[in-house]
Novice: 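One structure, pasted below without further comment.
Predicted model only: the values in this text are computed from it and were never measured. In what follows, chains carry the letters A, B, and so on, assigned in the order in which the sequence lines appear, proteins first and then strands, with residues in each chain numbered from 1.
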Number of protein chains: 4
Amino acid sequence: MPPKSRPATLDVESVTRWRRRAGERPDEILNAALDEFLAKGFDAARMEDIAARAKLSKAGVYLYFDSKLALLQALVDREVKPIAHRATALMRAGHADPIAALRLLATFARGTVADPRLMAVPRLVISIAGRFPEIAERYRLEVVERAIGGLTALIAAGIAKGDFRAVDAGVAARMLAGPLILEALWRHILGGAPLAPDIAATAAAQIDILLNGLRPDARPEPTP
Amino acid sequence: MPPKSRPATLDVESVTRWRRRAGERPDEILNAALDEFLAKGFDAARMEDIAARAKLSKAGVYLYFDSKLALLQALVDREVKPIAHRATALMRAGHADPIAALRLLATFARGTVADPRLMAVPRLVISIAGRFPEIAERYRLEVVERAIGGLTALIAAGIAKGDFRAVDAGVAARMLAGPLILEALWRHILGGAPLAPDIAATAAAQIDILLNGLRPDARPEPTP
Amino acid sequence: MPPKSRPATLDVESVTRWRRRAGERPDEILNAALDEFLAKGFDAARMEDIAARAKLSKAGVYLYFDSKLALLQALVDREVKPIAHRATALMRAGHADPIAALRLLATFARGTVADPRLMAVPRLVISIAGRFPEIAERYRLEVVERAIGGLTALIAAGIAKGDFRAVDAGVAARMLAGPLILEALWRHILGGAPLAPDIAATAAAQIDILLNGLRPDARPEPTP
Amino acid sequence: MPPKSRPATLDVESVTRWRRRAGERPDEILNAALDEFLAKGFDAARMEDIAARAKLSKAGVYLYFDSKLALLQALVDREVKPIAHRATALMRAGHADPIAALRLLATFARGTVADPRLMAVPRLVISIAGRFPEIAERYRLEVVERAIGGLTALIAAGIAKGDFRAVDAGVAARMLAGPLILEALWRHILGGAPLAPDIAATAAAQIDILLNGLRPDARPEPTP
DNA sequence: AATGAATGAGGCTTCATTCAT
DNA sequence: TATGAATGAAGCCTCATTCAT
């Protein structure tokens with residue numbers, strides 16, 4: 001997903017002046033756009049700066065994208081598809097052992113939240129959601145709903161299997177996802193230092209509380 | 001900078017409505033600005049529309065606020081102070097009976113999240129956070145940190161009192177707050193229909209899970 | 001011409017709240033306007049600042065002057081009349097002894113050039129001459145032409161009387177006035193330190209050169 | 001900041017006129033700006049009119065100059081450099097025969113004063129001097145001081161050489177320059193008809209008076 | 001494919017001036 | 001007489017977008 005850096009080797013091709021394959025350009029431009037959009041916001045970002053960051057002239061950008069808005073849409077597009085797939089796949093894989101799956105997911109998600117690159121598009125979507133509700137909706141349906149839905153299904157499976165008692169699976173799912181969202185918001189949008197710096201420990205603590213509750217007479221199962 | 005407010009005496013003259021209402025104007029303008037900022041985003045919002053919404057000429061706004069950015073800052077200012085106080089007060093009130101306090105808080109918070117007016121400024125802050133990090137930071141410190149901190153303290157108090165077992169109080173706090181944030185994001189930013197339409201039931205379910213966990217052998221205490 | 005300061009004595013009148021006599025206001029306003037016009041230029045000067053300097057509200061100025069331009073015109077008016085008279089009178093007085101008159105005039109003029117207050121309106125006129133040619137013309141006719149004319153007449157009288165040889169009186173007049181203009185321009189417009197700090201000596205030297213020339217075989221008459 | 005000028009080669013293509021003439025544009029714009037500034041004054045001049053006069057869109061001007069003020073500064077810059085050089089060179093050339101040099105200079109200067117194009121920047125500088133003292137200072141130091149300094153040096157050289165008697169060289173220099181300044185002010189700023197229409201005769205008269213004085217017993221050397 | 005040059009549209013802000021009190 | 005409040009008109013500057021090369 002990060003733009004492939006040009007190889008530094010001097011092979012046959014590099015004898016003739018390197019000609020950038022057109023295929024790479026759009027991605028480079030999108031990356032530049034993403035950076036600028038995040039730093040300044042969609043409206044305040046200037047096409048000129050995006051172009052410069054992509055090492056292109058202002059007019060050059062228009063060879064690949066029709067407008068500034070098209071950049072935004074393409075940006076969301078580019079991220080939506082693979083993520084949706086991955087998320088669904090991951091979720092489905094865990095129906096056999098819901099508890100193990102939860103642990104896995106929590107750690108995985110915490111890692112994701114820690115990676116600024118992966119958080120970039122979500123941040124962008126959130127910042128422009130008021131101005132372009134359709135984009136926000138698309139993202140909600142394709143990414144967020146799928147993620148929460150998958151999580152809910154996972155817990156529902158656990159209930160069906162008898163691993164969990166009968167609770168509102170949606171509520172439980174949100175108790176797992178919520179803290180992650182909060183962490184993401186806190187770090188990447190509000191600019192705070194990590195609330196939970198020790199990812200593994202925090203994930204374990206969260207799962208422990210989720211499984212065993214806060215009751216003093218609970219007999220918490222230690223994280224393996 | 002705002003002109004001195006007219007005296008509040010109730011003499012004969014004040015029966016007829018003032019045509020010039022200096023004292024109320026700043027608030028009216030801020031409300032108008034909030035609406036426009038939310039609908040279009042900070043940059044895309046036009047001072048002219050804000051003025052019109054406040055039933056003022058474009059130049060009139062500048063009698064009360066120095067610039068567009070000043071509007072944004074005043075907007076955050078206006079909400080930060082009372083909220084911070086309220087949050088702290090509320091939290092402190094609950095140290096005697098942490099469990100009851102949790103229930104109270106959860107319901108209260110769900111109500112807050114459901115109110116678009118109360119969510120307006122948070123939405124705004126989130127949308128401009130990338131462009132004005134200092135504003136985001138201010139909001140984070142004055143509002144979010146205080147809220148999470150209070151919640152953490154509440155749970156820590158419960159642990160000390162023996163009502164809760166010894167867990168990471170911060171993690172537990174975030175498991176309470178996270179789902180609310182998620183709900184807020186979902187509804188007010190991503191434009192989704194409520195995930196948890198039955199506020200009371202959801203709050204109860206959330207507290208139940210938080211207290212008793214998901215283990216099938218838990219004996220959940222019914223919500224009173 | 002400078003605004004009379006309010007007397008600090010506590011006489012009968014000051015028992016009743018001091019009421020500024022309307023008659024003084026216009027002058028105070030004009031003074032304020034002059035200051036602002038000089039500091040910022042006519043266009044960049046703000047009515048609000050002028051009002052503030054005159055200790056009046058913005059609207060208050062309009063009770064006395066119809067517009068910003070009216071201020072400018074009134075300003076020139078106020079200075080044109082007395083100066084024109086004075087200059088003419090002075091000039092006429094010197095026809096008896098042209099050489100003595102020249103000496104007198106030169107010293108007098110150097111004193112004038114040194115006084116920033118007296119130079120204020122000329123500066124103003126020069127700065128707005130391009131924008132309001134009629135004002136410049138008025139000033140030229142009423143002040144400058146009269147001054148140079150008077151000087152020329154004085155020298156012509158000297159020629160007629162046999163005190164001077166037959167030269168172009170206009171040229172000679174300008175050789176007297178020119179250095180003064182140059183000094184004024186240098187000091188008050190270009191902001192330079194005085195070219196001729198020792199006014200008396202300079203005036204004497206100037207007259208000496210004017211009378212006796214630069215020829216090495218001249219026998220300069222010492223300044224008395 | 002101005003874009004690189006197109007290469008000056010004279011190939012087939014350059015027969016057809018360039019529609020985009022980046023290289024010439026800055027100068028065209030400056031000329032337009034000068035005209036507008038002089039006609040209306042710096043503040044009252046509109047960028048739109050300047051652009052129109054330069055046959056450019058409003059925005060086009062900003063491709064070459066950052067702001068209105070930048071135009072003003074560039075304008076002064078453009079004139080300051082060559083003038084300073086020229087003035088110094090001219091002055092130095094005359095040390096051999098100071099009297100001849102004076103005659104030459106006087107005629108040359110009168111010619112300069114008669115040319116509205118050459119007077120444009122001085123006029124502009126004078127009109128904005130109050131508002132932008134740094135620009136005025138720059139002009140004073142680079143142009144006026146140099147000119148007067150050169151003239152003074154010239155006369156001092158004449159004194160050293162024995163061509164002139166020992167007078168204050170600065171005073172004498174100002175008696176030469178002053179009338180020119182006065183003429184310039186009169187014509188180009190106050191809008192008067194030439195005081196000295198016959199340039200040659202006037203210059204001669206001025207030099208005559210300067211050399212021989214007004215004494216009736218002087219034996220003026222005729223202008224050759 | 002790529003760009004330097006150019007522009008139309010539009011936004012923020014300022015300010016002289018007016019008006020109701 | 002005096003002013004706080006308000007506004008219409010205008011100007012500077014920016015920027016997404018286009019065009020000719």
Side-chain angles (χ1 to χ4, degrees), chain A residues 19-22 25 43-51 55-71, chain B residues 2-6 13 18-23 25 43-51 55-69 71, chain C residues 19-22 25 43-51 55-71, chain D residues 2-6 13 16 18-23 25 43-51 55-71:
Chain A
R19 186 154 332 165
R20 202 184 292 267
R21 271 171 310 148
R25 270 285 159 91
D43 283 288
R46 298 162 67 243
M47 288 299 270
E48 182 150 16
D49 292 341
I50 293 172
K55 303 213 202 296
L56 217 66
S57 75
K58 223 188 327 181
V61 175
Y62 286 88
L63 294 175
Y64 298 93
F65 297 93
D66 280 345
S67 69
K68 199 181 181 183
L69 182 53
L71 277 177
Chain B
K4 279 173 245 152
S5 59
R6 213 68 61 74
E13 295 226 340
W18 287 109
R19 229 198 86 219
R20 317 287 173 85
R21 296 150 301 151
R25 274 286 153 88
D43 282 288
R46 297 161 64 246
M47 288 300 271
E48 184 151 16
D49 292 340
I50 293 173
K55 302 207 201 301
L56 218 65
S57 74
K58 221 186 325 181
V61 175
Y62 288 88
L63 291 176
Y64 300 93
F65 298 94
D66 281 343
S67 67
K68 199 181 181 184
L69 180 53
L71 276 178
Chain C
R19 186 156 331 165
R20 203 184 293 267
R21 271 168 313 145
R25 271 285 159 90
D43 283 288
R46 299 162 65 243
M47 288 298 271
E48 183 150 17
D49 292 340
I50 293 172
K55 302 214 200 300
L56 215 65
S57 75
K58 222 186 330 181
V61 175
Y62 287 88
L63 294 175
Y64 299 94
F65 296 94
D66 281 344
S67 68
K68 199 182 181 183
L69 182 54
L71 277 177
Chain D
K4 279 172 244 150
S5 59
R6 211 69 61 75
E13 295 225 341
T16 59
W18 287 108
R19 229 199 83 219
R20 316 288 173 82
R21 296 150 302 153
R25 273 286 152 87
D43 283 288
R46 295 160 66 247
M47 287 300 271
E48 184 152 16
D49 292 340
I50 294 173
K55 301 207 201 301
L56 218 65
S57 73
K58 219 188 324 182
V61 176
Y62 288 89
L63 291 176
Y64 300 93
F65 297 94
D66 281 342
S67 67
K68 198 181 181 184
L69 181 53
L71 276 178

Novice: Between E:dA5 and D:Y64, is there an OP1 or OP2 to side-chain N/O distance shorter than 4.0 Å?
Specialist: no
Novice: Grab the CE-P distance between D:M47 and E:dT14 for me, whole Å please.
Specialist: 18 Å
Novice: How do C:R46 and D:A59 order along DNA chain E: which one's closest nucleotide is nearer the 5' end?
Specialist: D:A59
Novice: With both distances kept under 3.5 Å, what pairs with F:dT21, Watson-Crick or G-U wobble?
Specialist: E:dA2
Novice: Measure CG/B:D43 against C1'/E:dC12 and give the value in whole Å, please.
Specialist: 12 Å
Novice: Where the side chain of A:S67 is concerned, which of F:dT17, E:dA6, F:dT3 is the nearest nucleotide?
Specialist: F:dT17
Novice: Send over the distance from D:R25 CZ to E:dA5 P, rounded to a whole Å.
Specialist: 10 Å
Novice: Expressed in angstrom and rounded to an integer, what is the separation of A:Y62 atom OH from F:dA20 atom P?
Specialist: 17 Å
Novice: Is there side-chain contact between B:L63 and B:R25, with heavy atoms separated by less than 4.5 Å?
Specialist: no
Novice: In whole Å, what is the span from the CD atom of C:E48 to the P atom of E:dT13?
Specialist: 17 Å
Novice: Using a 4.0 Å heavy-atom cut-off, does C:A45 contact any base of the nucleic acid, only the sugar-phosphate backbone, or nothing at all?
Specialist: sugar-phosphate
Novice: Which heavy atom of C:A51 sits nearest to which heavy atom of C:S57, and what is that distance?
Specialist: CB-O, 3.6 Å
Novice: May I ask which nucleotide in the shown strands pairs with F:dA9, Watson-Crick or G-U wobble, both distances under 3.5 Å?
Specialist: E:dT14
Novice: Checking contacts here: which listed nucleotide (F:dT1, F:dA16, E:dT18) is nearest the side-chain heavy atoms of C:L63?
Specialist: F:dT1
Novice: Round to a whole Å and report the spacing from NZ of D:K68 to P of F:dC13.
Specialist: 8 Å
Novice: Give the minimum heavy-atom separation between B:D43 and B:K68, together with the two atoms involved.
Specialist: O-NZ, 3.1 Å
Novice: With nearest nucleotide decided by heavy atoms, which residue, A:V61 or C:K58, maps closer to the 5′ end of DNA chain E?
Specialist: A:V61
Novice: So, taking the atom named OH in D:Y62 and the one named CG in D:L71, what distance separates them when rounded to the nearest 0.5 Å?
Specialist: 8.0 Å
Novice: Does any nucleotide pair with F:dT14 by Watson-Crick or G-U wobble geometry, both distances under 3.5 Å, and what is it?
Specialist: E:dA9
Novice: Whole angstrom is fine here: how far is it from CG in C:L71 over to P in E:dA16?
Specialist: 10 Å
Novice: Between P on E:dA16 and CD1 on C:I50, what's the gap in Å once rounded to a whole number?
Specialist: 8 Å
Novice: Nearest to the side chain of B:S57, which nucleotide is it out of F:dT7, E:dT14, F:dT18?
Specialist: F:dT7
Novice: Just verifying a value: how many Å separate C:K58 NZ and C:E48 CD, rounded to the nearest 0.5 Å?
Specialist: 4.5 Å
